[in-house]
Amino acid sequence: MPDYSALRIEHDAANPRIARLLLNRPERLNAINDEMPGEIRAAVEWAEGDDTVHAIIVEGAGKGFCGGYDLVGYAESDKDHPCQQERDPWDPMEDYAHMKRNTENFMALWRSRKPTIAKVHGAAAAGGSDIALCCDLLVMAEDARIGYMPTRVWGCPTTAMWTYRLGPMRAKQMMFTGDLISGRQAADWGLANVAVPAEELEQAALDLANRIAGVPLGHLAMHKLVVNQVMLNMGLEQSQTMATVFDGITRHNPEGLWFRRHAQTHGFKSAIEWRDSGRPIPEGDEARSLIEEMDAKNSVSDNEGDA
């Protein structure tokens, strides 16, 4: 089996027609690091090349599916990162190229000729929801949660899958609020194929995968291509281009810079608590003023530390 740093993929022990792709950073709630997107693509390519495999289950180790991008260190520190620059001037095309590459890596799950099933327990949050929604099917524990909280500030889901999976009205609700919904609600809305009690999640995912795995590879590929082509005709690629550009803007407009500066000054946990609490997010001139205040405060602290 191939060896990766952020995930693992292997045949299911009972049915080699099923591949099990495990996001494997449980100590960080399987948060997305620099290696994970490319490794997801490589793992899917491995399964694509194995004619034994007819379906792929994607799951997370430990307490949840995936908590999103592992950005705590980048939000709190002064160091640059390809997807969170604060260089002057900011290069939006460099930002776009990095995030578009990640999107394309996640979309390997969608493009694969073999059906992919996201098995979600705990949380599929922010970038973790991108991974889950790039899978063809979604099986959730009733008490699991899914959503994209950074739509409130500092993020835009680059895969743009919410509208295609939920329809415009409910997608707007998710994007306008940044709320997480439960597996039970996701199933009620048609986002999840099924939601079951947590103790039944493994069997529910296996039952679905086993049912699919009995279908010839060619038939699975043809049916998936037809449905995917409908989504492409609806403008999925154009939506993803716009969403990826907007994601960079959300991290570099006054509101996004305020969020990062608050994280640097008061800690990432404090910034997240403000974002998710429902308190108004500082914007425009208010955000700029608060950034100046925090910059001045941090400058004084740095000078005192040097002294």
**Message:** Distance to the ring centre below 6.0 angstrom and angle to the axis at most 45 degrees; does that hold for Arg251 and Trp154?
**Reply:** no
**Asked** Would a hydrophobic clustering, with Ile, Leu, Val, Met, Phe, Trp and Tyr connected at side-chain separations under 4.5 Å, put Tyr164 with Val227?
**Response** no
**Request:** Say whether Ser270 and His262, considering side chains only, have a donor N or O and an acceptor N or O under 3.5 Å apart.
**Result:** yes
**Item:** salt bridge (charged side-chain N to carboxylate O under 4.0 Å, His left out) assessment of Glu104 paired with Lys100
**Value:** CA-CA 6 Å; Glu104 290 300 309; Lys100 183 62 172 173; 3.3 Å; yes
**Asked** Can you tell me how far the CG atom of Asp247 sits from the OG1 atom of Thr151, to the nearest 0.5 Å?
**Response** 11.5 Å
**Message:** Could you measure the distance from the CG atom of Leu21 to the CD1 atom of Ile9? Nearest 0.5 Å is fine.
**Reply:** 4.5 Å
**Item:** Exceeds 12 heavy-atom contacts within 6.0 angstrom, atom OH of Tyr96
**Value:** yes
**Request:** Have a look at Ile18 and tell me which of Thr52, Ile57, Ile212 forms a side chain to side chain contact (heavy atoms under 4.5 Å, CB included) with it.
**Result:** Ile57
**No-hydrogen, no-angle side-chain donor-acceptor test under 3.5 Å, Asp136 and Thr116** = yes
**Message:** Which residues pass the side-chain hydrogen bond (donor to acceptor under 3.5 Å, both in side chains) test with Glu59, not counting sequence neighbours?
**Reply:** Arg20, Lys119
**Asked** Can a donor-acceptor pair be found between the side chains of Thr265 and Asn298 at a distance below 3.5 Å?
**Response** yes
**Prompt:** Between the side chains of Asp143 and His121, is a donor N or O closer than 3.5 angstrom to an acceptor N or O?
**Reply:** no
**Message:** I'd like to know if Trp189 and Ile146 are part of one continuous hydrophobic network [Ile/Leu/Val/Met/Phe/Trp/Tyr, side-chain heavy atoms within less than 4.5 Å].
**Reply:** yes
**Request:** Measure the spacing between CG of Asp179 and OH of Tyr148 and express it to the nearest 0.5 Å.
**Result:** 15.5 Å
**Prompt:** Under a 4.0 Å N-O cut-off, is there an ion pair linking Arg152 with Asp276?
**Reply:** no
**Asked** What about Ile131 and Ile117, same hydrophobic cluster or not, with Ile/Leu/Val/Met/Phe/Trp/Tyr joined at side-chain heavy-atom distances under 4.5 Å?
**Response** no
**Request:** Look at the aromatic rings of Tyr69 and Phe106 and report parallel, tilted or perpendicular, splitting at 30° and 60°.
**Result:** tilted
**Prompt:** Are Leu23 and Met140 linked, directly or through other ILVMFWY residues, by side chains that come within less than 4.5 angstrom of each other?
**Reply:** yes
**Prompt:** What do you reckon, is CE of Met93 surrounded by more than 12 foreign heavy atoms closer than 6.0 Å?
**Reply:** yes
**Request:** May I ask you to check whether Ser5 and Glu39 show a side-chain donor-acceptor distance below 3.5 Å?
**Result:** yes
**Request:** Answer yes or no: does atom CD of Glu35 have more than 12 heavy-atom neighbours from other residues, nucleotides or ligands under 6.0 Å?
**Result:** yes
**Item:** Results of side-chain hydrogen bond (donor to acceptor under 3.5 Å, both in side chains) for Asn210 - residues two or more places apart only
**Value:** Asn15
**Request:** Go through the side-chain N and O atoms of Arg170 and Gln173 and say whether any donor and acceptor fall under 3.5 Å apart.
**Result:** no
**Request:** Kindly determine whether Asp3 and Arg8 satisfy salt bridge (charged side-chain N to carboxylate O under 4.0 Å, His left out), including the steps that lead there.
**Result:** CA-CA 7 Å; Asp3 185 31; Arg8 191 171 72 230; over 6 Å; no
**Asked** In terms of side-chain heavy atoms, does Thr103 have a donor or acceptor partner in Thr159 at a distance below 3.5 Å?
**Response** no
**Prompt:** Mind checking who shares a hydrophobic cluster with Leu180, ILVMFWY linked at side-chain heavy-atom distances under 4.5 Å?
**Reply:** Met149
**Request:** Please report the closest heavy-atom contact between Arg165 and Ala132, naming both atoms and the distance.
**Result:** NH1-O, 4.4 Å
**Request:** Could you tell me whether Arg113 and Glu48 have a side-chain N and a carboxylate O separated by less than 4.0 Å?
**Result:** yes
**Asked** So, for Trp258 and His266, is the gap between ring centers shorter than 6.0 Å?
**Response** no
